[in-house]
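Since the structure comes first, as structure tokens, the remarks are kept for the end.
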Amino acid sequence: MTTPLPTDRAALLARLAEPRKYDIAIVGGGATGLGVALDAAQRGHSVVLIEAHDFAKGTSSRATKLVHGGVRYLAQGNIHLVREALHERVHILGSAPHLAQPLAFVMPSYKLWETPFYGTGLKMYDALAGKAGLGRTEWLGAAETLHLLPGARPQGLKGGVKYWDGQFDDARLALAIARTAAAHGALLVNYCEAVDVLHDAGRAVGLVARDVETGREFRIQAGCIVNATGVWVDALRQYDARAAGKPVTPMVAPSQGAHVVVDQSFSPGDHALLVPSTADGRVLFAVPWLGKLILGTTDAPRPDLPLEPQASGTEVDFILREAAKYLRRAPTHADILSTWAGLRPLVKPVGEAGSTQSISREHTVLAAPSGLITVTGGKWTTYRAMAADVLARCTQAGVLLPRGASHTAGLHLVGAPAPGSQPVGLNQPPGLHLYGGEADVVSALPGADRWLAPGLSEAMVRFAARHEYARSVEDALARRARLLFLDAREALRAAPAVAKVLQDERTGDPGLAAFEALARSYAGPAASAA
Ligand SMILES: Cc1cc2nc3c(=O)[nH]c(=O)nc-3n(C[C@H](O)[C@H](O)[C@H](O)COP(=O)(O)OP(=O)(O)OC[C@H]3O[C@@H](n4cnc5c(N)ncnc54)[C@H](O)[C@@H]3O)c2cc1C
């Protein structure tokens, strides 16, 4: 049995208070920041990462759960981007097979031209993946399509195309990356916000960090500061620029994407459904995930930056309407188990003289005159490649000494099961299998046989508090277990029992009332009125 590292908060804060200078300090504990922390720590740099809320509380827990090359980008002719993501897919799948797995998609065709048209494009997707391919694209007849997608609307069905991508548990993967970085010596602290950038002779040399729970402030010294705060990057850029007395031009134009979760019986089986072109010209997915079905997503500009963006009525109606065109049984508002939304950090062109570098159209890495390195954009699938780009930029900007090449390709994350073991499919309901090689550690904790909700034991909550940085009911039910995203009413029912376990683990105020209000908003209007 492996012994996981403890994540005792007092010990983490005591380390944060030590007077020392880190090679690199990262702000933001989403996929991007955590990826940088892991890569840097693995190369042997001294690393600290602070996250204002919980790890993956931002966009990184709100993805459509696809590890994908992006068929949409293929249609846009962005070959480089697709090829990079297709190759990154295999690294994610190999790094945590219990949390990221291949997934077969079927695109049903209701017009005769669709199968050859989309099929040819998807054959190109295969060709771009080359040896990194997960399976061959196949053209299907109507009967085969219905066999693989029994929930698809049979009237007018002409055939379909089957192709391969991947799916994952985004928040649990984020935690696995965080814990692996910690195992390589990085210090990661959640609920610790960067409230200012420290300067010396115009250079960014540190951060003022505030413990959100107590208000206590820490001064962190580092040679290199990385701003990986997703859609919120402009705030830290402003703190940095204040010292020079020059405002910065905002670089992020956020766009909201919403999801609706319904019972998996609307599209039973282990194949995802792809709608190639919705009324607004996007793709829409119906993805079997942890025993439920995710429908999404949308794409609407959103100028404000809420931490908890809510899916609008228009978005929910749109998703239900588009899904109804392709499903035998149309989901209605009464079928919704949970809704959630996330904000994409889309990058606007930035014109800071001599200081920008666009590494790809997808993500942008920018060095400010102070040496502050900002990274945003991209997608979850390419987090590892983005981290390598960020570290290369840090070195190029002269704020980080080079320390050899990245070794994160082929790395097994903490919790990865032993090679050769057959992981349970991510379309199955949650359970101990999501703990991979650490399942026996969880089973040895008190309460392993006491179930607080389907797939969630008392022992899992204890594990979350002791080894996965969980502080609150929301941390436990939204990102360690995914119940809030799967079934918000079930999460509401489990919340008081989860709060009691956390109190027993002495994590502080478990925030029960705040979680209940949040879960009602995920559950929709009926629960809000209850
Ligand atoms: C609807 C939607 C669906 C998507 N689906 C997919 C998909 O299926 N597959 C895929 O590959 N990609 C997908 N993406 C893209 C992917 O989710 C994002 O690219 C990725 O999660 C961005 O991660 P990030 O770390 O840059 O940002 P975030 O996850 O938002 O992390 C930034 C973090 O910084 C923290 N922070 C902010 N300010 C401070 C501060 N002052 N101090 C400390 N911390 C701070 C925030 O709390 C936050 O946790 C999707 C995106 C959206 C919106």
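Order of appearance sets the numbers: ligands from 1, and atoms from 1 within every ligand. Reckoned from all heavy atoms, side chains included, excluding hydrogens, waters and symmetry mates. Position 1 is the first residue of the sequence, and the numbers go up from there.
- If you check each of L343, N227, T297, T59 against atom 30 (O) of ligand 1, the one with the closest non-hydrogen atom is T59.
- Between V67 and ligand 1, no N or O atom pair is found at a separation short of 3.5 Å.
- Using a non-hydrogen distance threshold of 4.0 Å, L236 does not register as a contact of ligand 1.
- The side-chain heavy atoms of V375 and T364, taken from C-beta on, include no pair separated by under 4.5 Å.
- Counting heavy atoms under 4.0 Å from ligand 1, residue W380 touches it through both backbone and side chain.
- A cation-pi arrangement is absent between R237 and Y239 under the rule of less than 6.0 angstrom and at most 45 degrees off the ring axis.
- Close N/O approach between G33 and ligand 1 is not found [any backbone or side-chain N/O within under 3.5 Å].
- Atom NZ in K65 sits 4.5 Å away from atom CZ in R482 (nearest 0.5 Å).
- Counting only heavy atoms of the protein, atom 43 (C) of ligand 1 lies nearest to A52 N, 3.2 Å.
- The option from S61, S60, C192 that lies nearest to atom 20 (C) of ligand 1, judged by heavy atoms, is S60.
- For ligand 1, the atoms lying closer than 4.0 Å to a non-hydrogen atom of G342 are 53 (C).
- The shortest contact between atom 8 (O) of ligand 1 and any protein heavy atom is with L66 N, 3.0 Å.
- Checked for salt-bridge contact, D475 and R479 meet the test: a charged N lies under 4.0 Å from a carboxylate O.
- Nearest non-hydrogen protein atom to atom 31 (O) of ligand 1 is G30 CA, 3.5 Å.
- With ligand atoms numbered from 1 in the order given, ligand 1 contributes 1 (C) to contacts under 4.0 Å with heavy atoms of G257.
- Under a 4.0 Å N-O distance rule, the pair R210/E217 qualifies as a salt bridge.
- Checked by distance only, ligand 1 and S255 stay at 3.5 Å or farther apart across all their nitrogen or oxygen atoms.
- Nearest protein heavy-atom contact of atom 53 (C) of ligand 1 is R344 CG, 3.3 Å.
- For L175, the side-chain contact (heavy atoms from CB on, under 4.5 Å) partners two or more places apart in sequence, or in a different chain, are F55, R480.
- Residue T382 does not touch ligand 1, judged by heavy-atom distances below 4.0 Å.
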- Where do R62 and E308 land on the salt bridge (Lys or Arg N to Asp or Glu O under 4.0 Å) test, with the steps shown first? CA-CA 10 Å; R62 300 158 192 275; E308 270 299 341; 3.0 Å; yes
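- Ranking protein heavy atoms by distance to atom 27 (O) of ligand 1, first place goes to G230 CA, 3.5 Å.
- For atom 36 (N) of ligand 1, the nearest non-hydrogen atom of the protein is T229 CG2, 3.7 Å.
- Contact annotation for K65 and ligand 1: only backbone heavy atoms (N, CA, C, O) come within less than 4.0 Å of the ligand.
- The CG atom of L426 sits 10.5 Å away from atom CZ of F168, with the distance rounded to the nearest 0.5 Å.
- Against a heavy-atom cut-off of under 4.0 Å, V27 is close to the following atoms of ligand 1: 40 (C), 42 (N), 43 (C), 44 (N).
- In this structure, the side chains of S406 and R43 come closer than 4.5 Å at one or more pairs of heavy atoms.
- R9 has a carboxylate O that lies under 4.0 Å from a charged side-chain N of D211, or vice versa, which qualifies the two as a salt bridge.
- Evaluated for a side chain to side chain contact (heavy atoms under 4.5 Å, CB included) with L188, the options L34, V48, I26, T7 yield exactly one hit, L34.
- Residue I50 places a heavy atom under 4.0 Å from ligand 1.
- Using a 4.0 Å heavy-atom cutoff, P345 is absent from the residues neighbouring ligand 1.
- Open room surrounds CZ on R219; 12 or fewer heavy atoms of other groups in view lie less than 6.0 Å from it.
- Both the backbone and the side chain of T64 come within contact range of ligand 1, each with a heavy atom under 4.0 Å.
- Distances shorter than 4.0 angstrom do not occur between any heavy atom of Q256 and any atom of ligand 1.
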- Message: Working note: T298 + E315, criterion side-chain hydrogen bond (donor to acceptor under 3.5 Å, both in side chains); need CA distance, chi angles, decisive distance, verdict.
- Response: CA-CA 7 Å; T298 54; E315 286 175 305; 2.8 Å; yes
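- Listed by number with element, the atoms of ligand 1 under 4.0 Å from a non-hydrogen atom of R62 are 1 (C), 2 (C), 3 (C).
- Residue G58 approaches ligand 1 through these ligand atoms, each under 4.0 Å from one of its heavy atoms: 29 (O), 30 (O), 49 (O).
- Close contacts of ligand 1 with H53, meaning ligand atoms under 4.0 Å from a residue heavy atom, involve 47 (O).
- Among protein heavy atoms, atom 11 (O) of ligand 1 sits closest to T381 OG1, 2.7 Å.
- Atom-to-atom distance recorded for W164:CH2 and F105:CZ is 10.0 Å, nearest 0.5 angstrom.
- Nearest protein heavy-atom neighbour of atom 35 (C) of ligand 1: E51 OE1, 3.2 Å.
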- Any chance you could lay out the side-chain hydrogen bond (donor to acceptor under 3.5 Å, both in side chains) test for S61 and D170, step after step, and finish with the verdict? CA-CA 5 Å; S61 56; D170 49 4; 5.7 Å; no
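- A search for side-chain contact (heavy atoms from CB on, under 4.5 Å) contacts involving A96 returns H98, L99, L173, L413, not counting sequence neighbours.
- The distance criterion of under 3.5 Å between nitrogen or oxygen atoms is not met by F168 with respect to ligand 1.
- Within ligand 1, counting atoms from 1 as listed, the ones closer than 4.0 Å to a heavy atom of G378 are 19 (O).
- Put simply, the side chain of D39 never gets that close to the backbone of G35: no donor and acceptor are under 3.5 Å apart.
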